[in-house]
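Comments concern the structure below.
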Amino acid sequence: RQYKVGPTELVDLSGVSAAKLFKTQPHLRTVVTFLARNIAHLGVHSYVKQDDGGRLRDTSSPVGGFLSGAKANESMTLYQLIYALVVDKALYDRAYWWPVVNQNGNWEVYRLPPSWVQTKSDNFGKVTHEVSFESDKKLTLDSSRVVYFGGYHPTDPGGCSATIVSLKEVLAEQIQASKYRQQLWARGGAGGTPILEDGMTLNRVDFSATDQQYIEGVKLAYSTVANAFHVNPTMVGILDNANYSNVREFRKMLYGDTLGPLIAEIESTLNAFLIPIMGGAKGSYIEFNVAEKLQADFEQQAQWFQSAVGSAYMTRNEARARLNLPAIDGGDDLI
């Protein structure tokens, strides 16, 4: 099985590509980058299952060493690679990684933009990809060496269905509303004084912002885009019903209901395809460090630990070190 290089087209939305919508539509960009930033800044590690049921951090195998490094390739950090992965999944419902071994014998991973790749499948969901680079250079890739983050399509087992397609009416409405406001300001908002003949009066011919319910329309469009990506609107700036208590609960739900399924999808793909390509230790698996983000604040953690231990769990010198104070004699014993 090999890649066949051939022409491809950008995903269009009423004549506008997904890339252009991402560049020009603030609601879409805000929600998509919210997802990408909150997943990309998580640590992603490789672990090895132990015989006693525990796990050990893997940094020595090829895949463990790659995930422990800061760079994904010569021009991209691991953060940027995962960020781009989430954005590609949000805009195209598919993403591609191309792992290769560099001249030094180390693994690197490159992103293949979905607009370069045309995916086809047979009746059983077995996929093949045709890759077309922006330059005239053609390159044949072994399909078994590419990590494909596929999506879902109701009738095509190997296809995908981008979320932004379902948002085309909402985005089209915002595009038209923006064009209308630009025309209004260009023609009627310049501050000029019309010269009228005797007996003529000047009347307003457009609707006020209140009559148009402009603010309400913007909030509705913003909330619709957020809901389409399963993001609570409060987390991306719709603060009408927000308070300290529910915002704190929404933040706890972020890595569960909102980002949890997407993180699980990425982890399963990396475990199923990246580890076999790169080679991992026996019993190894890849996991995002979500537990770190789900930890409570220091005061709550202190109460939990003290309740679980039943007594003091830090020495005086450990506490003094937290406060940048020097150690004292006898301060290394638990009280």
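For the numbers below, each heavy atom of this structure counts, side chains included, while hydrogens, waters and symmetry mates do not. Predicted model, so just to flag it, every value in this text is computed and none were measured.
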Original post:
Ile286 versus His45: any side-chain heavy-atom pair under 4.5 Å?
Top reply: no

**OP:** Would you indicate whether the side-chain heavy atoms of Lys71 and Glu108 approach each other to under 4.5 Å?
**Re:** no

Original post:
Are the ring centres of Tyr96 and Trp116 closer than 6.0 Å?
Top reply: no

Subject >> Min side-chain heavy-atom separation Arg57-Ser46 under 4.5 Å >> reply: no

Original post:
Which heavy atom of Ala40 sits nearest a heavy atom of Ile82, and at what distance?
Top reply: CA-CG2, 3.8 Å

**OP:** Identify whether the distance between the nearest side-chain nitrogen and carboxylate oxygen of Glu265 and Lys89 falls below 4.0 Å.
**Re:** yes

Original post:
At what distance, to the nearest 0.5 angstrom, does OH of Tyr110 lie from OG of Ser75?
Top reply: 6.0 Å

**OP:** Decide yes or no on side chain to side chain contact (heavy atoms under 4.5 Å, CB included) for Thr269 and Tyr148, but give the supporting numbers first.
**Re:** CA-CA 8 Å; Thr269 303; Tyr148 171 48; over 6 Å; no

Subject >> Ala228 to Thr163 - nearest heavy-atom pair and separation >> reply: O-CG2, 3.7 Å

**OP:** Step by step, work out the side chain to side chain contact (heavy atoms under 4.5 Å, CB included) result for Val147 and Trp98.
**Re:** CA-CA 6 Å; Val147 181; Trp98 181 26; over 6 Å; no

**OP:** Please step through side chain to side chain contact (heavy atoms under 4.5 Å, CB included) for the pair Trp97 and Leu81, ending with a clear verdict.
**Re:** CA-CA 9 Å; Trp97 281 7; Leu81 182 67; 3.5 Å; yes

Original post:
Do Val48 and Phe66 belong to the same hydrophobic cluster, where Ile, Leu, Val, Met, Phe, Trp and Tyr are linked whenever their side-chain heavy atoms lie under 4.5 Å apart, directly or via other members?
Top reply: no

**OP:** Give the intermediate values and the outcome of side chain to side chain contact (heavy atoms under 4.5 Å, CB included) for residues Leu270 and Phe149.
**Re:** CA-CA 9 Å; Leu270 295 177; Phe149 299 86; 3.8 Å; yes

Original post:
Within a strict 4.5 Å, meaning less than it, do heavy atoms of the Phe229 and Ile164 side chains meet?
Top reply: yes

Subject >> Polar side-chain atom of Asn289 near backbone of Leu42 as donor-acceptor pair, under 3.5 Å >> reply: no

**OP:** Would you indicate whether the side-chain heavy atoms of Phe34 and Leu254 approach each other to under 4.5 Å?
**Re:** yes

Original post:
So, does Thr258 use its side chain to make a donor-acceptor pair with the main chain of Tyr255 at under 3.5 Å?
Top reply: no

Original post:
So how far is it from Leu67 CG to Ser284 OG, rounded to the nearest 0.5 Å?
Top reply: 10.0 Å

**OP:** Report the C-alpha distance between Asp58 and Ser61 in whole Å, list the side-chain angles of each, state the deciding distance to 0.1 Å, and finish with yes or no for side-chain hydrogen bond (donor to acceptor under 3.5 Å, both in side chains).
**Re:** CA-CA 7 Å; Asp58 171 30; Ser61 71; 2.4 Å; yes

Subject >> Tyr47: hydrophobic cluster co-members (side-chain, 4.5 Å) >> reply: Tyr285

**OP:** Give a yes or no on whether the backbone of Phe288 and the side-chain of Glu267 come within a donor-acceptor separation of less than 3.5 Å.
**Re:** yes

Original post:
Looking only at atom types and distance, does a side-chain atom of Asp93 sit under 3.5 Å from a main-chain N or O of Cys160, one as donor and one as acceptor?
Top reply: no

Original post:
Considering residues, nucleotides and ligands other than Arg37, do more than 12 of their heavy atoms fall under 6.0 Å from its CZ?
Top reply: no

Original post:
Do the non-hydrogen side-chain atoms of Arg322 and Met314 ever get within less than 4.5 Å of each other?
Top reply: yes

Original post:
Which heavy atom of Tyr313 sits nearest a heavy atom of Leu334, and at what distance?
Top reply: C-CD2, 3.8 Å

Original post:
Within the side chain of Asn232, is there an N or O that forms a donor-acceptor pair under 3.5 Å with the backbone of Thr234?
Top reply: yes

Subject >> Leu35 CG to Leu259 CG distance, which is reported to the nearest 0.5 Å >> reply: 6.0 Å

Original post:
Can you tell me if Ser307 uses its side chain to pair, donor with acceptor, with the backbone of Gln303 under 3.5 Å?
Top reply: no

**OP:** Answer yes or no: is there a donor N or O on one side and an acceptor on the other, between the side chain of Arg94 and the main chain of Ala162, under 3.5 Å?
**Re:** no

Subject >> pair Pro99-Leu274: side-chain heavy atoms closer than 4.5 Å >> reply: yes

Subject >> Connected via hydrophobic side-chain network under 4.5 Å: Leu78 and Val101 >> reply: yes

Original post:
Okay, side chain of Asn73, backbone of Met76: is any donor-acceptor separation there less than 3.5 Å?
Top reply: yes

**OP:** Measure from the side-chain N and O atoms of Arg320 to the backbone N and O of Ala327, and report whether any donor-acceptor pair falls under 3.5 Å.
**Re:** no

Original post:
If you count the non-hydrogen atoms of other residues, nucleotides and ligands that lie under 6.0 Å from NE2 in His230, is the total more than 12?
Top reply: no

Subject >> Residue pair Val109 / Met278: nearest heavy atoms and the distance that separates them >> reply: CG2-CE, 3.4 Å

**OP:** Would you mind reporting whether Val63 and Trp107 have side-chain heavy atoms less than 4.5 Å apart?
**Re:** no

**OP:** For the pair Asn317 and Thr315, evaluate side-chain hydrogen bond (donor to acceptor under 3.5 Å, both in side chains) and give the outcome as yes or no after the intermediate values.
**Re:** CA-CA 5 Å; Asn317 281 342; Thr315 67; 5.8 Å; no

**OP:** Hey, could you give me the NZ/NZ distance between Lys23 and Lys20, rounded to the nearest 0.5 Å?
**Re:** 9.5 Å

Original post:
What distance do Ile263 atom CD1 and Ser268 atom OG have between them, rounded to the nearest 0.5 Å?
Top reply: 12.0 Å

**OP:** Please report the closest heavy-atom contact between Leu85 and Ala95, naming both atoms and the distance.
**Re:** CD1-CB, 3.4 Å

**OP:** Tell me, with the steps shown, if Asp88 and Arg111 meet salt bridge (charged side-chain N to carboxylate O under 4.0 Å, His left out).
**Re:** CA-CA 10 Å; Asp88 286 344; Arg111 166 186 174 250; 2.7 Å; yes

